[in-house]
Amino acid sequence: MSEDCLMKTYGRFDVTFDKGLGSKLYDINGTEYIDFVSGVAVNCLGHSHPVIIKAIQDQSNKLIHVSNYYYNTTHTLLAKKLIENSDHESVFFCNSGTEAIEGALKLARKYGKLKGDKSTILYMENSFHGRSMGALSVTGQGKYQEAFSPLIGGVQKIPFNDLKALREAFTTDVCGVIVEPIQGEGGVIPINMDFIKEIRELCTENDALLIYDEVQCGIGRLGSLFAYKQFGVIPDVIALAKGLGGGFPIGAVIANKKASTVLQPGDHGSTFGGNPLACAVSLAVITELVDNKIIDTIDERSSYTFEKLEILKKKYPIIKEIRGMGFLIGVEIDFDTKEFMKKCLEKKLLLISAGPRVIRFLPPLNVTKEELDEALHVFTLVLEEIC
Ligand SMILES: *Cc1c(COP(=O)(O)O)cnc(C)c1O
């Protein structure tokens, strides 16, 4: 099939998918694949989950969209659900991770204005926060930024996990710090505890906002609804998207008391943000994860996976390191990840890279042990073939 009608913004694999069920995808010839990409940490309940289908059916029968000039029943229910499960106070809804980051950055900027004309936002080297001009400006990877300069000003990059650089950069002009608790696209690199504690302290002392980008590592990915619960350091602002809708586009900015009333009528908005359909789906997803206790079962299957990977690491020296938490797992290999993913695809396993040397496992959060075994089996076959 000629796909010239699509802009060449992605390096795609030559496969066309048509259907999905649970952890499996089916191409146009009906061939089955194990999907451990999950739409890049999006399909947290797998494909075609009945609660998602039901939420779409029921809500689309009632109300799909209404303007933000009014309240609707589902955005309030979803906001309450998120607040009940966090240490925070209010929510702004949007449609994607990038949009959530834009909202968080604007919130920090206005907070800085209110606190005496502070405007610098600190961000981390090797981070990923999205592709819009604002989000890109705090994405610390040259390969994404270079072609699009000049980017927005008033942002400053610091090396990830570098305490000294953090202290030096933290002037009285800082209004916010944005950080991923585990860098996803950057190679599944966890933040150090002393680093995140220091950022928290500096933000509190200097009255700046600590923003967590939980777009990838939130919504159960690390084994708790919010990633910050794993680190015990509470951010002022959280950006969410990806898993939040289980496959339906939705993003959110969540703010604590300090930050919850900064944005006022006219300051920010999004036409589709908080639409009843997206919120109904997201509410069904969160309910399934939290009330149906999917999240409570992640640790056990995650530990099982890490144990199996550690065994493979001992056997195959091309595996250099295994990193991550929950079902955000990175395997650093001494081999080209593109080639590696191609070989997995040939054997009908979908994995995703995080840079040139890290393979990411992002199974659905309700993946079974049998499916984990199946995927690890194919992964082993590929390792065997290479070594
Ligand atoms: C994917 C991602 C984003 C961007 O989300 P989009 O929905 O693609 O706009 C931002 N931050 C992190 C950490 C991500 O993984």
Side-chain angles (χ1 to χ4, degrees), residues 22 38-60 62-64 71-97 99-100 103-104 181 212-230 234-235 237-256 260 272-299 301-302 326-328 362-367:
S38 303
V40 194
V42 166
N43 303 299
C44 54
L45 295 175
H47 299 282
S48 303
H49 194 285
V51 304
I52 296 181
I53 295 172
K54 185 168 187 314
I56 293 174
Q57 285 174 339
D58 291 353
Q59 188 59 42
S60 62
K62 280 167 70 181
L63 184 66
I64 291 177
Y71 293 102
N72 71 68
T73 38
T74 62
H75 68 183
T76 311
L77 287 172
L78 177 59
K80 276 196 180 136
K81 189 91 190 161
L82 291 168
I83 295 312
E84 273 166 23
N85 284 285
S86 68
D87 297 86
H88 298 70
E89 301 247 323
S90 68
V91 184
F92 172 83
F93 289 116
C94 52
N95 307 288
S96 69
E99 236 191 292
Y212 277 8
D213 180 344
E214 295 201 11
V215 171
Q216 184 162 155
C217 61
I219 311 297
R221 205 30 68 189
L222 304 188
S224 49
L225 184 63
F226 292 98
Y228 79 83
K229 304 258 181 182
Q230 300 288 340
I234 306 174
V237 177
I238 308 168
L240 292 173
K242 292 205 164 108
L244 183 60
F248 201 92
I250 181 169
V253 183
I254 303 188
N256 67 2
S260 68
F272 294 125
N275 71 80
L277 185 55
C279 291
V281 177
S282 178
L283 186 61
V285 169
I286 305 289
T287 303
E288 182 68 14
L289 289 175
V290 176
D291 302 78
N292 246 346
K293 304 201 184 308
I294 302 284
I295 281 181
D296 301 348
T297 67
I298 293 172
D299 276 357
R301 283 172 293 127
S302 164
F327 281 133
L328 171 52
L362 298 168
L365 303 180
N366 56 358
V367 65

Does I298 offer a backbone N or O that forms a donor-acceptor pair with the side chain of S302 under 3.5 Å? no
Has the side chain of T76 got a donor or acceptor atom that lies under 3.5 Å from a matching backbone atom of N72? yes
Is a side-chain N or O of N292 found less than 3.5 angstrom from the main chain of I294, in a donor-acceptor match? no
For residues Y228 and H88, establish whether the separation of their ring centroids is below 6.0 Å. yes
If I take atom CG from residue L225 and atom CG from residue L289, how far apart are they, to the nearest 0.5 angstrom? 7.0 Å
Quick check: do D87 and K229 have side-chain heavy atoms less than 4.5 Å from each other? yes
Strictly distance-based, threshold 3.5 Å: is any side-chain N or O of E214 a donor or acceptor partner for the main-chain N or O of I238? no
Would a distance-only check, ignoring hydrogens and angles, find a side-chain to backbone donor-acceptor pair under 3.5 Å from Q230 to L222? yes
Side chain to side chain contact (heavy atoms under 4.5 Å, CB included) for L82 and L244? Distances and angles first, verdict last. CA-CA 10 Å; L82 291 168; L244 183 60; 4.2 Å; yes
Find the distance between OG (S38) and CZ (R221) and round it off to the nearest 0.5 Å. 5.5 Å
4.5 Å side-chain heavy-atom contact, N85 and V290: yes
Checking the side chain of N366 only, and the main-chain atoms of L45 only, is there a donor and an acceptor separated by less than 3.5 Å? yes
